[in-house]
2 protein chains.
Amino acid sequence: MQQYFVNGEAGRFVTIEDENTLKHMFSVMRLQANDQVVLVFEDGIKRLAKVADSTSYTFEILEELQDNTELPVDVTIAAGFLKGDKLEFLTQKTSELGARAVWGFPADRSVVKWSGKKLIKKTEKLKKIAQGAAEQSKRNQIPRIRLFEKKQEFLNCLSEFDRIFIAYEESAKTGEKKVLARELALLPKGSKILFVFGPEGGIAPEEVNLLEKQGGLKVGLGPRIMRAETAPLFALSSVSYAFELMT
Amino acid sequence: MQQYFVNGEAGRFVTIEDENTLKHMFSVMRLQANDQVVLVFEDGIKRLAKVADSTSYTFEILEELQDNTELPVDVTIAAGFLKGDKLEFLTQKTSELGARAVWGFPADRSVVKWSGKKLIKKTEKLKKIAQGAAEQSKRNQIPRIRLFEKKQEFLNCLSEFDRIFIAYEESAKTGEKKVLARELALLPKGSKILFVFGPEGGIAPEEVNLLEKQGGLKVGLGPRIMRAETAPLFALSSVSYAFELMT
């Protein structure tokens with residue numbers, strides 16, 4: 001059944017106002033009176049709803065659903081700004097794989113520079129991609145998107161995490177393979193985890209130092225070198241394997 | 001250091017003949033006499049080599065390297081034919097993530113049909129993508145590519161595997177989450193594993209039945225619905241986590 005995220009709180013009746021959502025519902029999916037969908041309000045609870053009036057876009061909430069597909073840990077993926085549409089790709093795939101937030105920051109080796117209007121426009125684009133992917137994946141939450149104009153703003157946010165993992169290619173090369181699995185096994189459910197990834201050229205040693213000073217832990221993600229946009233998918237899959245499939 | 005796969009066997013001196021490889025070496029990377037690269041012959045051993053003569057494209061082999069980045073199990077990813085360039089995407093990413101073979105087959109719900117020349121052309125394209133990704137990821141092996149024109153040809157190949165996992169969306173929906181981790185924990189290193197994925201519309205129940213008759217095991221890959229081209233990345237990451245990071 002089709003699922004849609006809706007702003008605000010659930011009442012018995014709710015009128016959808018978001019234009020993109022309306023377009024998908026009534027133009028693409030051609031919903032008619034009494035057709036059912038799943039609506040997810042800001043509380044993250046899925047609710048079965050039916051079209052009460054297809055001209056005023058009003059739905060009647062039928063029941064709360066118990067279904068929760070969120071990872072038991074809260075994972076933020078932070079990536080250095082990537083070239084082309086790689087951040088779009090990354091946002092779509094990490095949304096499917098359960099990220100709670102996707103961040104971008106201007107890393108030392110980032111080739112692209114975004115600021116001002118361009119940054120805002122890119123952020124809006126990524127938010128739409130995250131919402132679409134989260135709806136398709138039947139998530140309870142839309143990943144939060146944030147692009148930092150300055151690296152310092154990103155660094156200022158590190159204290160909110162219980163654990164920071166730095167995906168460092170050099171760790172992979174030297175055969176460091178145990179830290180991630182060991183640490184994931186120790187983290188309780190509900191933990192806030194940050195994974196930091198470099199841009200195409202990798203994360204710079206000075207950036208690794210800065211992150212380590214804030215408690216960041218270098219981790220290898222296996223012996224194969226992955227592209228910048230692939231490594232975050234590996235990390236999220238690993239978290240899911242450790243917290244959802246092995247328990 | 002740049003790595004290249006080379007046909008044939010290693011001698012003390014070797015002359016590169018593949019045009020794509022030569023182009024990358026001498027036009028893109030502008031190799032000159034005495035520059036070093038890693039060459040990987042069909043035996044899968046990495047060897048340090050230097051340019052002996054840049055006009056005849058001759059290299060001198062300097063030493064064998066011990067470095068092996070292959071997964072300890074032999075994983076084949078089989079996917080129903082996918083629309084657009086999704087099989088290209090899948091080939092690149094699964095090559096980075098360690099697949100030993102990438103197969104495509106005409107699944108019941110595959111929208112695209114490939115046969116004859118088109119199938120050969122697509123296969124050649126995917127082979128090049130696999131080689132490029134394997135070089136970038138510093139693999140010891142290039143994933144083998146095979147597109148089956150008939151589903152029966154694909155089914156005839158199932159007996160070569162020690163374990164067949166069927167990624168079945170319905171298993172995920174009903175909360176099946178334990179089978180994959182349990183089975184991976186039981187499989188010895190060196191096992192040949194096949195993961196079968198459906199096309200965009202998923203694998204059909206009749207196909208699941210056929211695969212189960214050949215010993216296939218339905219597995220859920222966590223509670224979130226992944227796109228057809230994303231699920232194989234999750235599966236390979238899980239195998240890496242189980243066999244490389246947890247051991």
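Note that these values count all heavy atoms, side chains included, but never hydrogens, waters or copies made by symmetry.
A:Thr230 and B:Glu96 share a side-chain donor-acceptor pair at under 3.5 Å. A donor-acceptor contact closer than 3.5 angstrom is absent between the side chains of B:Gln92 and B:Glu88.
Residue A:Leu236 does not touch chain B at all, counting heavy-atom pairs closer than 4.5 Å. Neither the backbone nor the side chain of A:Arg182 comes within contact range of chain B; no heavy atoms are under 4.5 Å apart.
Taking the six-membered ring where tryptophan is involved, the planes of A:Phe59 and A:Phe26 are tilted, since the angle between them lies from 30° to 60°.
Between A:Glu70 and A:Arg139 there is a salt bridge, with a side-chain nitrogen of the basic residue lying less than 4.0 Å from a carboxylate oxygen of the acidic one.
For the ring pair (Phe, Tyr, Trp, His ring centres under 6.0 Å) test with B:Trp103, the passing option among B:Phe81, B:Phe195, B:Phe161 is B:Phe161; the others fail.
Of the listed residues (A:Glu229, A:Lys93, A:Met246), the one with the most heavy-atom contacts under 4.5 Å to chain B is A:Lys93. Highest contact tally toward chain A, considering only B:Gly98, B:Ala185, B:Ala134, B:Ala235, is held by B:Gly98 [criterion: heavy-atom pairs under 4.5 Å]. Looking only at heavy-atom pairs under 4.5 Å with chain B, the residue among A:Ser238, A:Ser237, A:Ala133, A:Ser240 that has the most is A:Ser237.
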